[in-house]
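These notes are about the structure you will find just below.
Protein chains get the first letters and strands the later ones, always in sequence-line order, with residue 1 at the start of each.
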2 protein chains.
Amino acid sequence: METTVPATDGAGGRGPGPGGRVTMQHVAAEAGVSVSTVSKVINGRYGVASETIEHVTGVIERLGFEASLVARSLRNQRTNVIGVLVADFEPFSTEVLKGAADAIRGTGFELVAYSAGGRVDAHVGWERRYLSRVMGTLVDGAVLVTPTVTEVQYDGPIVAVDPHTGPSSMPTVTAHNLQGATLAVDHLIGLGHRRIGMVTGRPDLVSAQLRERGYREAHARAGLEVDESLLAAGAFEPEPARAAARALLTLADPPTAIFAANDLSALATLEAAAELGLSVPDDLSVVGFDNIPESALADPPLTTVDQRIRQMGREAITMLVTMIAGEHPLENAHVNLDTTLVVRQSATTPGGTS
Amino acid sequence: METTVPATDGAGGRGPGPGGRVTMQHVAAEAGVSVSTVSKVINGRYGVASETIEHVTGVIERLGFEASLVARSLRNQRTNVIGVLVADFEPFSTEVLKGAADAIRGTGFELVAYSAGGRVDAHVGWERRYLSRVMGTLVDGAVLVTPTVTEVQYDGPIVAVDPHTGPSSMPTVTAHNLQGATLAVDHLIGLGHRRIGMVTGRPDLVSAQLRERGYREAHARAGLEVDESLLAAGAFEPEPARAAARALLTLADPPTAIFAANDLSALATLEAAAELGLSVPDDLSVVGFDNIPESALADPPLTTVDQRIRQMGREAITMLVTMIAGEHPLENAHVNLDTTLVVRQSATTPGGTS
DNA sequence: GTGAAAGCGCTAACAT
DNA sequence: ATGTTAGCGCTTTCAC
C-alpha cells in the first residue's frame, strides 16, 4: 500500500535514516499525498487546497526538507545560480569573488564558486571542461577567473575577468593595463627619472604586453628613448623578477627607477635592491602594478597601480545577469576599468628625498 | 532511424545548437553507439572494444563533451566534491577558503563554495536549508563557515569552522580563544600595565565569551583584581567598539591599556584614542585579536593575536576528507588551534617608551 | 561487446 | 484538487 519510499524505517514517520537525505518522497509519504502535490506546494502552483498546503508545509518544516538543487537543476533550465570559475582561491580571485558577492545581491541569483584547486597546469582546458560540466545544468551563467583563458569557445552566458589572452569574442572585464602602466611611468618621469627600467611580465599574456606598451608609450610621449637593455623578463613571478631586477641593478649604468609589471615583481625588486645594499626610494624608485594588499605592507609601502579587482567582479556579474535576462549574447562586450595610481613611499625624485 | 537526439541540426554531426549543451546523447548519436557504451568509455568500464573506445573518445574530444556534474551526481552517491558554505565572501571566509584550497590538493576532491550572499539575517536557518539542498546530491561533505551556526543538526560529513555558538555535537575547528586572550593580556601585564580595559565582543558568541574569560584568567593568575568598570561592550563591530573605547578612556581613572575582542574593535579603539588626543602606544597600549591584514596597516601597526585562519580551513578539509573516507561520523572531534601573539607597535610599557 | 531499460529527485504536462 | 506519467542526463544491471 505504501508508496515506495527509499528504504528507511517503517511507516509512521521519522525522517530518513542516518546519513540519508530527506526527499520529496519522504514528505509525500509522511503527508499522505503524492509527490506532485508536494512539488506544487513548494513551487506555489495553483490547484492545491489551502488545508493541504498547510499540512504539507507543516510536514516539510518538520522534516526539514529542502528540494535538491541537483534534481531541480536537471529538470529546469533555469537554476538561478551563477557560477564563478577560479583557478584557485588566491588573493586576486577572492577579491573578484567579493565584488561578485556584492553585485549578486538583489538579483535573485545565488553565487557558487568552483576552484580547479590550483592544478591548472595539469589540465589545461580545465575551464572548458568545467564549463561543460556545470553550464546548462546547475548554473545559468559563469564568470571565468582563470589566468589561462585559452580561447574558451562556449556559447552561453559567460564573462571572462582579466582573460590573459588577446581580445576574444566573449564578453570580458579587464583593467585598463595600458593606461595604468602609463600612469606609473608618467609618475616616475614626472619625478625626474630618465633611466627607468622595467621588470616585464609573462610575454604570452596581453596584460603583460599592454603594461610594457604603456611603458614605451609614456617614454615616447615624454620624448624619451627606451633603452632596450633596461627591460628584463620577470614573468610575473617572484624568482624571475628578483633575478631580472638584480640584472638591471648591476648594470654599468643602472636605472634610477624600476617599473615592475605586477606587485609581486615589485616586491621582488625591493628585495633585490635590499640585497645589493640599495635603499628604496633613496637609491632606487620602484612602482608596481595591481595594488595587492601585500603592497601596502612592504617596506617601504609600494607605490603602485590600483586595478580595482572587486569592481571587476561586480561588473562581471552585472554583465552576466544582463545576458541571462536579456537572452541576447552581448558579444564583443568589453568593460575596461580605469586604473589609478596609488602613491605610497617607494618612489621619489632621483637621488632621494634629500 | 536516428536515435532520439535533442532537437539540433540534422544528422551528420555538429555539436548542439547554439546555447545548448553537448550531452551524452549527442556523443552517442555522433559515434553511432548507445549512450551506455559512451558511459562505459568515459568511466573506463570493462567490456568495450578498444577500437570503440578510441572512436568514442575521438568524438568526445571533438565535441568537447564533459559529463554533467548534475546528472552524474543524481545517479551516483559520491560526487568527489566538497562544499564550503560561507555566509558571504569576506576577509575571514576567503582566508578559510584559501586554506581549504591548499588542503584539497591531492585528495581527489574538488572544492565548491556557496555563498548566502550576505543575506543571512533574512533567512536564519540558511545553513540548514542549503545543506539539505546540496548534501547527498552534489557534495559529499560540507564545511560550514557561517557566523551563526544555530546548532545545525545534520547527519552527514560536516565540519564547522569557528562556530560561534557553544560546543555542538558536530566536528568543529576553532581557534584557541581562551589561550589567545590570555596571551594578549599576559603581554600587557608583562609590560607593566595594571589597569587594563577590555572592549568585549558579541555576548552571544562563545568566541567573545572565551576572550573575556581569558582576560579575567590572566588577571587572576597575576593576582590582579578585575575592575568591572573597565569592561565595555564592543559587539565585534567598529561603532559600538569606538563608543566603548571612548567610555573607557574618559573614565576618571582610565586604563593604561585596552585589550579589544577583535581587530576591528582594536582599530576603532585606536581611532577613539586619536580623537581624544591620546597617543598610542605612549599614552595607551592596545592589543587586538584576529590578525586581519588591516591590523598591520594600522597606525601604529597593531599588536594582536593571530588565529591562523587559513590553517583552520586546512584542518577542516582534512577532517572532512577523513570523515568521508572513513565513513565514521567522527563525532565530538574538535580541533582547537593554538594562537600566537604578533607583537607590533601598539603596546608598550605604561607611560610610553620614554 | 553492445544496447535496452530502470531510476536518481524533481517538475510539468496530462489525466482523473 | 489530486494523482499518474514522462523525462531532464547520466550510470548501471541485465539481456542479447
Output the rounded distance in Å from CZ (A:Arg133) to C1' (D:dC8).
18 Å
Return the value, rounded to whole Å, for the distance between atom CD of A:Gln77 and atom P of C:dA13.
11 Å
Kindly state which residues belonging to residues 39-52 of chain B come within less than 4.0 angstrom of DNA chain C, counting heavy atoms of the residue only, listed by number.
B:Lys40, B:Gly47, B:Val48, B:Ala49, B:Thr52
Any donor-acceptor pair under 3.5 Å linking the side chain of B:Ser39 with the backbone of B:Val35?
no
Say whether A:Thr37 and A:Ser34, considering side chains only, have a donor N or O and an acceptor N or O under 3.5 Å apart.
yes
Between B:Glu315 and B:Arg310, does at least one N-O distance fall below 4.0 Å, as a salt bridge requires?
no
Given C:dA12, C:dC10, D:dC10, which nucleotide is nearest the side-chain atoms of A:Ser68?
C:dC10
Donor-acceptor pair under 3.5 Å, B:Ser36 side chain vs D:dT11 base
no
Just by distance, do the side chain of A:Asp140 and the backbone of A:Asn80 share a donor-acceptor pair under 3.5 Å?
yes
How close or far is atom C1' of D:dT12 from atom CZ of B:Arg78, stated in whole angstroms?
18 Å
Could you give the CZ-to-C1' distance, from B:Arg72 to D:dC8, as a whole number of Å?
16 Å
Whole angstrom value for the distance that separates P of D:dC10 from NE2 of B:His26:
10 Å
Quick check: on DNA chain C, is the nucleotide nearest B:Val35 upstream (toward 5') of the one nearest B:Leu74, or the reverse? Name the residue that is more 5'.
B:Val35
Separation of C:dG9 atom C1' from A:Ile60 atom CD1, nearest Å, is 14 Å
From D:dG3, C:dC8, D:dC10, nucleotide with atom closest to A:Ser34 side chain:
D:dG3
Can you find a side-chain donor-acceptor pair between B:His55 and B:Thr52 that sits under 3.5 Å?
no
D:dG9 P sits how many Å from B:Asn76 CG, rounded?
17 Å
With the side chain of B:Val33 defined as its heavy atoms from C-beta on, choose the nearest nucleotide among D:dT11, C:dC10, C:dG3.
C:dG3
Does this structure show an ion pair linking B:Arg133 with A:Glu110, if we count only N-O contacts that are shorter than 4.0 Å?
yes
For a quick check, tell me whether the side chain of A:Arg75 and the base of D:dG7 share a donor-acceptor pair closer than 3.5 Å.
yes
Without decimals, in angstroms, what is the distance between B:Met135 CE and C:dG9 C1'?
16 Å
When you measure from the side chain of B:Thr37, which nucleotide among D:dC10, C:dG3, C:dT11 comes out closest?
C:dG3
List the steps, then state whether side-chain contact (heavy atoms from CB on, under 4.5 Å) holds for B:Thr174 with B:Val335.
CA-CA 6 Å; B:Thr174 48; B:Val335 169; over 6 Å; no
